[in-house]
Amino acid sequence: MTVRTRFAPSPTGYLHIGGVRTALFNWLLARQAGGQFILRIDDTDAKRNVAEALQPILDGFAWLGLDWDEGPTRDGLGSQGPHGSYFQSERLDQYQAAAQQLLDSGHAYRDYATPAETAAEREAAEKEKRDFIYSRKWMAENDEQAAAFEAEGRKSVVRLKMPREGKCEFHDLIRGPVSIDWAREQDHVIQRNDGTCLYHLASVVDDHDLQITHVIRAIEHLSNTPRQIFIFNALNYELPEFAHIPFVAEPGSKTKLSKRKIEKYLKNREFKQLYNRGEAIAKRVGIEPDPLSFNPVLVDFYRETGFLADAIVNYLLLLGWSLDDKTEMFSRDEMTQAFSLERVVKNEASFDPAKLAAFQGRYMNQLAADPKVKMCEEFLLRAGVIQEPILEATQSKIADVVNAADDRIEMAGDILQFEGFFVAATDLELDEKAFQKRLVKPENVGHLLAEYRKTLAATDDFSAPNMELVLKTWVEQQGIKIGDVIHALRVALTGKPAGFGMFESMEVLGKEECLERIGAALEKLQHAQNRVDA
RNA sequence: GGCCCCUUCGUCUAGCGGUCUAGGACUCCGCCCUUUCACGGCGGCAACACGGGUUCGAGUCCCGUAGGGGUCACCA
């Protein structure tokens, strides 16, 4: 039997990092067994813009490389696969047929209670501190009863007629043997009066129709399992395997990670730090950094800031699963090989933004020069630092900067920290604090820079090694230390107090640009000093 | 509240009765490297929730307690 797993997102408009982790485990199990991974759209709640709300989710899966064998088409407008539609909203006929079958076999009944009446029973039970079990007072077991209720003007829903004694026992691939009292279960509604069907019914029917062999989902579904097993059995469907994985918890907590509590997470230092970095990049590339729709809980955040999909997947893999006490880096093939449900840890795992960033750093360092340059180029373009068509000179400068920046570019968007290399000398903004500290404050640095500039003007070889030689020689002649001038030089050339190697910076800039920038800085210094004198 | 689940450094985890004075990774803190910032190297802080058993021996098995969490819909 070929392994078939599924992930069933609701079209909500964004892809949650915890959901991706669940999807990843499903994907891994299917790929490992050479089976199929299926995407099914849980839109029983039928909202208008399903396609629109689905798109970001499909984009996320595609970007992460979690390819699906069957499910919606890439554009979210249709379905692809041998089982008809993969949208629950388009499978109502099947659900209704199943509901009818359940009714016919006595596993379900028409219930004519009004919502107010069931609510009243529920409240009464609560008041008496006993478990609520529906009285079935408005249950119609045959057509006569139904007709009588209808004569009163009542409307019906279809409820499951659940067992009220004994236990539902099943084996969970992660939790082991599970035993839950049937009496805990309610007579769940599976079909509304308007004919639409609810999740549990739809889910079971779909899992059967799609021949799902392993249902891997978050632990919060564990308590739903008995009623689903009841439906599987009542319909004579073969039971799939169940595996309930723990959920992803908030940073530094064991509460389920939620996309609604971003304000709270922002109080977490590491979460905040990651968010701030992303926000800075987002602003530059024209994304409105609304914490509700753009934050480290959502996959989009990572794509938009220049993360590598592999880094995220690798991090997520290790969130609740491990191979041993040392292996951390897994290629897709390696993780596909190594993954096993047996080694999924049973307790919930907190999302750790800092560790995710650390994985990103490692993956970025391993990335070949070409794709890295390509990624960075895109950010420069989107931020308007460079324009299309990209000149050959610009192209090679990007490569030079990326190469020199080395691991300082952790996410591709970090390239924007080096945008100063791409602007004209006159447009270069000098960091005010650094300017004060390195140029205004030190005695005589202006004079030194002016002198040094003369030396540079007489130099033609601007390669980094030569720049180093020239500066060192010059410094020696002046009888000063390199530190006496190099900081001012950095600010003058790059506008920033920190960055990659000074000599590499000079090489990237080239002679003309270096002279101009030093000149411009000197001029600015002059103004500043005049102001002080006056 | 009922029911169910979980519990090793701040975080992710290794550990499946003796090799545990508990190992790795991230974070944090030192030091080194160094023109800055990063990287890197070296080092450090830091955990078996508690109490009873079982056993020659318990982080590892059992039972309680505590804490945390999930779930109790005409949501998914």
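The chains referred to below are lettered A, B, ... by the order of the sequence lines, with proteins before strands, and numbering in each begins at 1.
- Atom P of B:G53 sits at a distance of 31 Å from the matching atom of B:G69, rounded to the whole Å.
- Ranked by how close their nearest RNA chain B nucleotide is to the 5' end, A:Gly499 and A:Asp352 are led by A:Asp352.
- In this structure, CG of A:Leu201 is placed 13 Å from P of B:C75, rounded to the nearest angstrom.
- Applying the Watson-Crick and G-U wobble criteria (two distances, each under 3.5 Å), B:G64 pairs with B:C50.
- When each of A:Asn347 and A:Lys155 is assigned the nucleotide of RNA chain B bearing its nearest heavy atom, the one mapping closer to the 5' terminus is A:Asn347.
- Distances from the side chain of A:Ser322 to the nucleotides B:C26, B:U13, B:G2 place B:U13 closest.
- For B:G40 and B:A47, the C1' atoms lie 28 Å apart once the distance is rounded to whole Å.
- Between B:U13, B:U71, B:A25, one nucleotide has an atom nearer to the side chain of A:Glu220 than all others, and that is B:U71.
- With B:C26, B:U35, B:U11 as the candidates, the nucleotide lying closest to the side chain of A:Ser350 is B:U11.
- Atom C1' of nucleotide B:C4 and atom CD1 of A:Ile174 are separated by 16 Å, given to the nearest angstrom.
- Base pairing of B:G1: its partner is B:C72, meeting the Watson-Crick or G-U wobble criterion (both donor-acceptor distances under 3.5 Å).
- For A:Thr255, the side-chain atoms get nearest to B:G70 when compared with the rest of B:A76, B:G70, B:U35.
- Side-chain atoms of A:Gln88 and A:Asp42 form a donor-acceptor pair, as typed in the model, at a separation below 3.5 Å.
- An OP1 or OP2 oxygen of B:G40 is reached within less than 4.0 angstrom by no side-chain nitrogen or oxygen of A:Arg408.
- Comparing the P positions of B:C50 and B:U7 gives a spacing of 15 Å, expressed to the nearest Å.
- Among the atoms of the strands shown, none is found under 4.0 Å from any heavy atom of A:Val485.
- For the OP1/OP2 pair of B:G2 and a distance below 4.0 Å, the side-chain nitrogens and oxygens of A:Arg184 include no atom meeting the criterion.
- Donor-acceptor pairing under 3.5 Å is lacking for the side chains of A:Arg159 and A:His188.
- Atom CG of residue A:Leu509 and atom CD of residue A:Glu504 lie 12.5 Å apart, to the nearest 0.5 angstrom.
- The side chain of A:Glu328 lies closest to B:A25, out of B:A14, B:A25, B:U36.
- Residue A:Arg192 places at least one side-chain N or O closer than 4.0 Å to OP1 or OP2 of B:C75.
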request  = List the steps, then state whether salt bridge (charged side-chain N to carboxylate O under 4.0 Å, His left out) holds for A:Lys264 with A:Glu250.
outcome  = CA-CA 9 Å; A:Lys264 178 183 171 191; A:Glu250 300 174 342; 2.7 Å; yes
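- When each of B:U13, B:C6, B:G15 is scored by its nearest atom to the side-chain atoms of A:Arg343, the top-ranked nucleotide is B:G15.
- If you take atom C1' in B:C63 and the same atom in B:U55, they sit 16 Å apart, rounded to whole Å.
- When heavy atoms are screened at a 4.0 angstrom cut-off, A:Arg217 is found touching no nucleic acid atom at all.
- The OH atom of A:Tyr199 sits 14 Å away from the C1' atom of B:A73 (whole-angstrom rounding).
- Of the C1' atoms belonging to B:C26 and B:C9, the separation is 12 Å, rounded to the nearest Å.
- Within the shown strands, nothing qualifies as a pairing partner of B:A22 under the Watson-Crick or G-U definition with both distances less than 3.5 Å.
- The closest side-chain donor-acceptor pair between A:Tyr109 and A:Asp187 falls under 3.5 angstrom.
- Taking atom P on both B:A49 and B:G59, the two are 10 Å apart, rounded to the nearest angstrom.
- Contact of the A:Asn26 side chain with the A:Leu28 side chain is not registered, since no non-hydrogen atoms from C-beta on lie closer than 4.5 Å.
- Between A:His107 and A:Phe230, the ring centre distance stays below 6.0 Å.
- Checked for salt-bridge contact, A:Asp209 and A:Arg91 meet the test: a charged N lies under 4.0 Å from a carboxylate O.
- Ranking B:U13, B:U35, B:G69 by closeness to the A:Glu348 side chain, first place goes to B:G69.
- A:Ala113 comes within contact range of at least one nucleobase, with a heavy-atom separation under 4.0 Å.
- Between A:Phe418 and A:Phe421, the ring-plane angle classifies as tilted under the 30° and 60° cut-offs.
- For A:Ala498, the side-chain atoms get nearest to B:C37 when compared with the rest of B:U7, B:C37, B:C28.
- For B:C12, the base has a donor-acceptor partner in the side chain of A:Lys355 [N/O atoms by modelled type, under 3.5 angstrom].
- Residue A:Lys254 is classed as a sugar-phosphate contact, given heavy-atom separations below 4.0 Å to backbone atoms only.
- Regarding A:Phe132, its CZ atom lies at a distance of 16 Å from the C1' atom of B:U71, rounded to whole Å.
- Using a 4.0 Å heavy-atom cutoff across all strands shown, A:Gly361 reaches no nucleic acid atom at all.
- Between A:Lys346 and B:G70, a side-chain N or O to OP1/OP2 separation shorter than 4.0 Å is absent.
- Per the geometry, CD belonging to A:Gln417 stands 14 Å off C1' belonging to B:U36, to the nearest Å.
- Under the Watson-Crick or G-U wobble criterion, with both distances below 3.5 Å, B:C33 is left unpaired in every strand shown.
- Across all strands shown, B:A14 forms no Watson-Crick or G-U wobble pair with both key distances under 3.5 Å.
- The nearest whole Å value for the distance from the CG atom in A:Asp484 to the P atom in B:U36 is 13 Å.
- When heavy atoms are screened at a 4.0 angstrom cut-off, A:Asn224 is found touching base atoms of the nucleic acid.
- Of the candidate nucleotides B:G2, B:G69, B:C75, B:G69 has the atom lying nearest to any side-chain atom of A:Phe247.
- Here the side chain of A:Ala358 is nearest to one of B:C26, B:U35, B:U13, namely B:C26.
- Nucleic acid contact for A:Phe503: base, since at least one base atom lies under 4.0 Å from a heavy atom of the residue.
- Rounded to whole Å, the C1' atom of B:U60 lies 10 Å from the corresponding atom of B:C48.
- Among the protein residues, A:Arg130 comes within range of no part of the nucleic acid, since none of its heavy atoms lies under 4.0 Å from any strand.
- Between the side chain of A:Asp325 and the base of B:A25 there is no donor-acceptor pair of N/O atoms closer than 3.5 Å.
- A salt bridge does not link A:Arg6 to A:Asp206: none of the charged side-chain nitrogens sits closer than 4.0 Å to a carboxylate oxygen.
- The NE2 atom of A:His221 sits 19 Å away from the P atom of B:C5 (whole-angstrom rounding).
- Using a 4.0 Å cut-off, some side-chain N or O of A:Lys256 falls inside it from OP1 or OP2 of B:U71.
- Phosphate contact (OP1/OP2 of B:A73, side-chain N/O of A:Arg122, threshold under 4.0 Å): present.
- In this entry the distance linking OH of A:Tyr134 with C1' of B:C74 reads 12 Å, nearest Å.
- Applying the 5.5 angstrom centroid cut-off and the 30 degree plane-angle cut-off, the aromatic ring of A:His200 is not stacked upon the base of B:A76.
- B:C4 sits 12 Å from B:G64 when the P atoms are compared, rounded to a whole Å.
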